[in-house]
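All values below were derived from every heavy atom in this structure, side-chain atoms included, with hydrogens, water molecules and symmetry-related copies excluded. Here is how names work: the chains are called A, B, and so on, in the same order as the sequence lines, proteins then strands, and each is numbered from 1.
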Amino acid sequence: MVNLNVNIGALKLKNPVTTASGTYAYGEEFSDFMDISKLGGIFVKGLTLHNREGNAYPRMAETASGMLNSVGLQNKGIDHFIAHIFPAIKNSGTQIIANVNGSTIEDYIAVSEKLNELRGMEAIELNISCPNVKEGGMAFGINPKSAREATEAVRKVYKKTLIVKLSPNVTHIDEMAKIVEDAGADAVSLVNTFLGMAIDAEARKPILSTITGGLSGPCIKPIALRMIWQVYNAIKVPVVGMGGIMNAKDAIEFILAGSSAIQVGTANFVDPAISVRIIEGIEEYCDRYGVKDVNDLTGSLKI
Amino acid sequence: MVNLNVNIGALKLKNPVTTASGTYAYGEEFSDFMDISKLGGIFVKGLTLHNREGNAYPRMAETASGMLNSVGLQNKGIDHFIAHIFPAIKNSGTQIIANVNGSTIEDYIAVSEKLNELRGMEAIELNISCPNVKEGGMAFGINPKSAREATEAVRKVYKKTLIVKLSPNVTHIDEMAKIVEDAGADAVSLVNTFLGMAIDAEARKPILSTITGGLSGPCIKPIALRMIWQVYNAIKVPVVGMGGIMNAKDAIEFILAGSSAIQVGTANFVDPAISVRIIEGIEEYCDRYGVKDVNDLTGSLKI
Amino acid sequence: MKLVRDFKVAGYKWLNESNFIIELQSAEDLPPIHPGNFAEIQVPGNPNVFLRRPFSIYDCDLTYNTLSFYVKIIGEGTATLGKLKQGDTVNLIFPLGNKFDTETEGPVLIIGGGSGIAPFLLLGKELKEKGIPMTFLVGGRTSGDVHLTDVFGQYGDILITTEDGSQGTKGMVTHHPVIQEESFPFKKIFTCGPDPMMKAIAEIAKQKSVECEASLENTMACGFGACLCCVVETTTGNRCVCTDGPVFNIKELAW
Amino acid sequence: MKLVRDFKVAGYKWLNESNFIIELQSAEDLPPIHPGNFAEIQVPGNPNVFLRRPFSIYDCDLTYNTLSFYVKIIGEGTATLGKLKQGDTVNLIFPLGNKFDTETEGPVLIIGGGSGIAPFLLLGKELKEKGIPMTFLVGGRTSGDVHLTDVFGQYGDILITTEDGSQGTKGMVTHHPVIQEESFPFKKIFTCGPDPMMKAIAEIAKQKSVECEASLENTMACGFGACLCCVVETTTGNRCVCTDGPVFNIKELAW
Ligand SMILES: Cc1cc2nc3c(=O)[nH]c(=O)nc-3n(C[C@H](O)[C@H](O)[C@H](O)COP(=O)(O)OP(=O)(O)OC[C@H]3O[C@@H](n4cnc5c(N)ncnc54)[C@H](O)[C@@H]3O)c2cc1C
Ligand SMILES: Cc1cc2nc3c(=O)[nH]c(=O)nc-3n(C[C@H](O)[C@H](O)[C@H](O)COP(=O)(O)OP(=O)(O)OC[C@H]3O[C@@H](n4cnc5c(N)ncnc54)[C@H](O)[C@@H]3O)c2cc1C
Ligand SMILES: Cc1cc2nc3c(=O)[nH]c(=O)nc-3n(C[C@H](O)[C@H](O)[C@H](O)COP(=O)(O)O)c2cc1C
Ligand SMILES: Cc1cc2nc3c(=O)[nH]c(=O)nc-3n(C[C@H](O)[C@H](O)[C@H](O)COP(=O)(O)O)c2cc1C
Ligand code: FES
Ligand code: FES
């Protein structure tokens, strides 16, 4: 028997496979396709202080081995989540982790304070890397000073496990990771989407209503892997890795590069049951190589 | 008849389609497959002051819709190029542009000085963005100060058209573009490859001998397009765009986003005659929409 | 219950060089399929197609466990779906989306533009079962765009418009006498087609104070409510076409 | 003259579940093909295969304009090449690379490991034409890896080693008596297979002071000298396997 339990700070996951914010809604959408209680955890769709309608249509463009989205954090706000959504999913048998967004530091604080009080949720993911909002979001995550400020501010009010989600749209991701670690993060997650653009050559127009959007999917995997490797070697707190994971082999690569847990994102759209198969595949891999504990794989790349 | 002539500074190209450095060798390798004199220009394989053996094998890894390389600027040095290679290709009927590399500013200066004297070559591309060398290369291109210094230093000794090739591995590519424009560049080209990594999950080892390498191909196209759009809107000198162009439609997208000329890179490996077909496709597109001058398309994206 | 399941290509019926019906067969029983439902089809073997493609369920046969789709070729995905061989495997997520509301008194008008007729065969079958009379108004740019009138003719009258006048009334569907004339015998309109067409019809339905449901298209990444990419503006904010739709009562839409 | 050209799949010959010969036919005449040449094959219809795949030319027939490739399935690209249908189009860049040097006195020993025998049919044909006697030494992990001995048997003696002893001599090719014994009648060795095997053979060739050519593999992006990805260390620095090779005299290699 392989041990698949992993800890991200004080957050205990029954296995390293979780689903990425914004790609798994609130989990229930997948219950027809798979047993969601098998997951290590679910990072639910990004939350903001107030209701957000998100961006105008079109919000999606397919690209080579990937997609751009500019959803823009559509959600009904934190109070609605706490009152109506969380009660319905908190007993789904897996860890539910909120993805916290804000246009200002005050927003981040307000949402995090509410989640600090929320029983049954052990961790939050602080999203300072959303490329699809006019204010806040990625603007926090690509600037060392504001990344530090946001993390410190939330750390003051949030006492459970704080995971900070990093933007890949930076020159030195390892330095950003060190900054947020230093500012009190219990873990970092990466990568969020890359800022990209798609053009309709015939119409001579951008495809997305927002001109630019966030690139995800297997196309970004090589860059994501490199960043995880750099960050793993730069910090001490755990790394939650993602970016184009489509199958168990990809997940293993992210673990070898330094991820303690991984998130499955865009792959959920192509195959809504893929995350359970990734769990099985990791177990199989461990069995095949006599790995007793999946934690032994983390960062075990031979150089 | 569509006018396809474009100018990059004082460099005159008969059409906007050129081939990217490191993907077209010195041009002759393609003469069995296509009429290379049809090209707007050829950016030849990166040159350094002295002979370089490049990196150890393996130097290549395939990725989703792309590839990683870590060739590491293998070449026989500038003197060998000037004495033996350039004489053989200078009359190939298209513009030959050198790609200039260095580990130090002195290297860049030395190579550029020699090329300033080289009759028949009207422009150089200053590569401050190679991710595959231990010293110099990308280190210059991701730091505003050294990007400025390298550009200024070369500008002093190189009197013909100076194109500076930018690294996409930065937070603010538009600022980098402004800096090199300000430092005297006649044009910028982008993007060079993204720093990425590939892992062999079974061997638990990086695939490349250098651990990380440069990502190219259609996978990077959405990010490259976004960067070209940002840079085009930030500077006044022409932009030479590239990153995953596989066909004429892609090339048009890069032109609409702000490219005065484009470079075809990785696509040359998949289809060694693609660059001529891209020229034909651009002409066809102009005909179809009644565009009289390809320059009218540059940056003409409707927002 | 939504399913992810492999089907085999059972056969094609080509209507012309760019429109075909593809029949897919499942080895297992099908769940109930409702008019308006769609499927997300994974396009096999095309490196340029990454996401699934949504298609209305054109027909289904619960005896042979087949689903049929009416596909118009517009890009790589639809072209590849037209090139499969009998027996090839195709993966589907289905049934997705809501359904047309056939609770209505009296006759209905069904207006389809181009491949927008796809969801109306199942609708026609259900209406016929309920004894509700229907009239189909089908529009195309030219006669080459008007298909399957023989099939739909089994369920009701067929009215045709073509922009070039090569078949039926010349003009858009909205120019057809059935819409232009004072008397309007229909109690409900169902429509599917290009957005501008549906918006024009919605306008007319409002003027005539007649119920109207439109089946919308949208760019979708998932098709089952996970990505929030496929929104349409409604009177109650942005809602997902894939789960709250694709069928919307036009009163709900912020058109 | 290197060409980029479409071929049609003419047929398969399966040797076992993971080894096959695929025959491709061109509508036009083929240029001269030399033993050691390879082609870069574009794998159609697999989204996970972006670059072409290099394969030695196993056989060619200038009358019917066919090229054959001996393929061992090891990943997505080779698996997909095994699943094409007769008449499917496959694009090739060919002929690529240099060739074996058959200018030699007296008998030669040809040593192939696994799919490393691929380039040796054309070599055998050329040697036979020149009247040079040859012996094939073929190695595999088990008897299931040893193929085509009937074909090669038409050109010379066949010696076999398997690691598990299930066929021929037990052990590696280097353990075979023909190599171990004092007397060594061969004037030249040709080898192709896994690097460690070829290195061991090169070592032996050096000891015996016999000429030796090895056909190398490498990860290739282009196959025709454009990318510089496929280098091998030689006594004169890094050189490209695709243009300066794939055949190298072992004296040139920094092994
Ligand atoms: C709920 C639903 C039901 C549908 N039912 C049918 C059906 O029954 N029959 C049918 O033929 N088609 C149907 N469609 C449309 C079908 O999904 C698209 O034609 C298909 O996805 C195009 O794929 P492609 O790869 O061929 O084209 P692509 O290469 O993806 O696109 C080609 C061009 O068409 C545009 N485009 C693609 N998809 C859409 C879209 N959904 N809306 C607007 N523009 C688009 C692209 O921007 C691009 O310019 C339906 C769509 C939805 C959302
Ligand atoms: C000049 C030349 C001639 C060749 N001739 C033949 C031939 O006649 N018959 C034949 O069966 N094969 C031949 N090969 C090898 C063949 O090119 C590879 O087996 C093929 O590219 C694998 O593709 P894939 O997509 O199936 O595997 P992939 O999915 O690309 O790879 C699967 C695994 O194999 C490894 N791998 C892939 N290619 C190579 C390689 N070239 N060297 C070492 N490891 C590799 C990968 O790293 C990976 O771990 C030749 C290679 C070269 C360079
Ligand atoms: C449609 C869509 C919506 C997303 N929404 C969010 C979000 O609300 N919050 C967030 O932190 N990340 C969001 N992401 C980013 C993903 O969580 C993930 O970081 C990214 O997609 C990379 O992983 P992948 O390549 O596996 O998809 C979204 C991604 C997609 C595709
Ligand atoms: C094998 C390989 C070698 C390269 N060598 C160089 C080089 O010597 N100098 C340089 O400026 N760029 C080099 N590049 C980068 C390309 O010129 C180009 O910027 C990049 O590949 C993106 O374009 P593409 O996606 O069309 O390939 C190389 C790229 C590849 C794939
Ligand atoms: S397509 Fe994903 S929510 Fe509708
Ligand atoms: S494979 Fe490109 S140079 Fe050899």
Exercise. Side chain from CB out, backbone as N, CA, C, O: work out which of these in C/Leu3 comes under 4.5 Å of a heavy atom of chain A, or both, or neither.
Key: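 Contact with chain A: backbone only.
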Quiz item: Contact part of C/Asn91 toward chain A, heavy-atom cut-off under 4.5 Å: side chain, backbone, both or neither?
Solution: neither
Heavy-atom proximity to chain C below 4.5 Å, by part of [X]:
| X | result |
| --- | --- |
| A/Asn55 | backbone |
| A/Tyr26 | neither |
| A/Thr63 | backbone |
| A/Met34 | neither |

In terms of heavy-atom contacts, does [atom1] of [X] have more than 12 from other residues, nucleotides or ligands at under 6.0 Å?
| X | atom1 | answer |
| --- | --- | --- |
| C/Lys125 | NZ | yes |
| C/Lys99 | NZ | no |
| A/Glu284 | CD | no |
| C/Lys251 | NZ | no |
| A/His50 | NE2 | no |

Quiz item: Between C/Val4, C/Thr219, C/Ile93, which residue shows the highest count of heavy-atom pairs closer than 4.5 Å to chain A?
Solution: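 Most pairs with chain A among the choices: C/Thr219.
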Is it true that a side-chain atom of [X] and a backbone atom of [Y] form a donor plus acceptor pair closer than 3.5 Å?
| X | Y | value |
| --- | --- | --- |
| A/Glu62 | C/Leu51 | yes |
| A/Glu53 | C/Asn238 | yes |
| A/Arg59 | C/Leu228 | yes |

Exercise. Please assess C/Cys222 against A/Glu29 for the test side-chain contact (heavy atoms from CB on, under 4.5 Å), listing each intermediate value before the final yes or no.
Key: CA-CA 11 Å; C/Cys222 70; A/Glu29 288 74 4; over 6 Å; no
Which heavy atom in [X] sits nearest to a heavy atom in [Y], and how many Å separate them?
| X | Y | result |
| --- | --- | --- |
| A/Val71 | C/Cys227 | CG2-O, 3.3 Å |
| A/Pro218 | C/Phe50 | CD-CZ, 3.4 Å |
| C/Phe224 | A/Phe269 | CE2-O, 4.2 Å |
| A/Val270 | C/Arg52 | O-NE, 2.7 Å |
| C/Gly225 | A/Ala25 | O-CB, 3.6 Å |
| C/Ala221 | A/Met60 | N-CE, 3.8 Å |

Exercise. Supply the atom-to-atom distance A/Tyr57 OH to C/Asp195 CG, rounded to the nearest 0.5 angstrom.
Key: 7.0 Å
Exercise. Calculate, to the nearest 0.5 Å, the distance between atoms NZ and OG belonging to C/Lys2 and A/Ser31 respectively.
Key: 7.0 Å
Exercise. With a 4.5 Å cut-off on heavy-atom pairs, point out which of A/Pro58, A/Ala64, A/Gly54, A/Pro272 contacts chain C the most.
Key: A/Pro272
